[in-house]
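Below you'll find the structure, written out as structure tokens, and then a few comments.
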Amino acid sequence: MTMPRAKKNIADELLASLEEGMQILEGTLPPARIWTPPTTVDVRQIRARTGLTREAFANHYGFSRNAVRDWEQGLRKPEKAARTLLLVIDREPQAVERVLAQA
């Protein structure tokens, strides 16, 4: 026979969460999780898997055509946010499509 769980007080949870957030901001507590995208992504391969031209890929996902060209030619490296989006496009394109359709 299991004992019923005690109800948690939402106010206590919120206060504890705020305190934890303040400690993280002050640098006295490390964040529970930090994610850094890989330093490189193969933009040409990701785009090729979508079946889109360079221009269509750029327009569809909100990148500039020149940026996509430069990334593919190795002239520039996508910023962290762009690398993250590119990884999602590569691994979960349907999720990106759902979000874009709702925007």
Side-chain angles (χ1 to χ4, degrees):
M1 188 170 178
T2 60
M3 298 289 290
R5 290 182 127 190
K7 273 192 165 182
K8 291 185 176 182
N9 181 337
I10 189 101
D12 290 341
E13 287 185 44
L14 288 171
L15 287 172
S17 180
L18 286 171
E19 178 63 31
E20 182 179 344
M22 289 303 298
Q23 290 174 349
I24 291 169
L25 286 173
E26 293 167 350
T28 59
L29 183 70
R33 153 178 43 144
I34 296 175
W35 185 80
T36 303
T39 56
T40 61
V41 292
D42 190 338
V43 178
R44 179 177 282 130
Q45 188 176 52
I46 292 169
R47 181 182 60 78
R49 280 197 278 270
T50 68
L52 297 171
T53 65
R54 201 179 272 169
E55 185 169 0
F57 182 84
N59 290 335
H60 190 75
Y61 293 110
F63 302 119
S64 78
R65 186 171 46 91
N66 290 342
V68 174
R69 179 199 62 218
D70 291 351
W71 295 339
E72 289 186 0
Q73 293 177 356
L75 301 174
R76 288 184 8 196
K77 184 170 91 171
E79 297 292 327
K80 285 182 180 183
R83 291 193 311 265
T84 299
L85 177 56
L86 287 162
L87 288 174
V88 177
I89 292 167
D90 189 36
R91 297 192 179 127
E92 294 290 337
Q94 301 84 3
V96 177
E97 294 301 326
R98 283 192 307 272
V99 170
L100 294 176
Q102 295 172 4

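The structure presented is a predicted model; accordingly, all values stated were derived computationally and were not measured. One-based numbering along the sequence shown.
Val68 and Ala58 make their closest contact through CG2-CB, 3.9 Å (heavy atoms, listed as atom of the first residue, atom of the second, distance). The nearest pair of heavy atoms linking Leu100 to His60 is CD1-O, 3.7 Å. Between Pro78 and Arg83, the closest heavy-atom pair is O-NH1, 2.7 Å.
Here the CG atom belonging to Leu85 is positioned 8.5 Å from the OH atom belonging to Tyr61, to the nearest 0.5 angstrom. For the atom pair Gln45 CD and Thr50 OG1, the distance stands at 11.5 Å (nearest 0.5 Å). Taken from CG in Asp42 to CD in Glu72, the straight-line distance is 8.5 Å, to the nearest 0.5 Å. Interatomic distance, Arg54 CZ to Arg47 CZ, rounded to the nearest 0.5 Å: 5.5 Å. Atoms OG1 and CG, on Thr53 and Asn59 in that order, are 8.0 Å from each other to the nearest 0.5 Å. Here the straight-line distance linking atom CD of Gln102 with atom CZ of Arg98 works out to 8.5 Å at 0.5 Å rounding.
When each of Glu19, Glu20, Glu26 is paired with Gln23, the side chain to side chain donor-acceptor pair (under 3.5 Å) condition holds for Glu19 and for no other.
Taking the six-membered ring where the residue is Trp, Phe63 and Phe57 present parallel rings, their angle staying beneath 30° rather than reaching 60°.
Side-chain atoms of Ser17 do not come within 3.5 Å of backbone N or O of Glu13 as any donor-acceptor pair.
More than 12 heavy atoms of other residues, nucleotides or ligands sit less than 6.0 Å from atom CD of Glu97. Counted within 6.0 Å of CZ on Arg65, heavy atoms from surrounding residues, nucleotides or ligands total 12 or fewer; the atom is thus considered open.
Grouping the Ile, Leu, Val, Met, Phe, Trp and Tyr side chains by contacts below 4.5 angstrom, directly or via other members, places Trp35 with Val96.
Using a 4.5 Å heavy-atom cutoff, the side chains of Leu86 and Trp71 are in contact. Pro38 is listed as a side-chain neighbour of Leu87, based on a closest heavy-atom distance under 4.5 Å.
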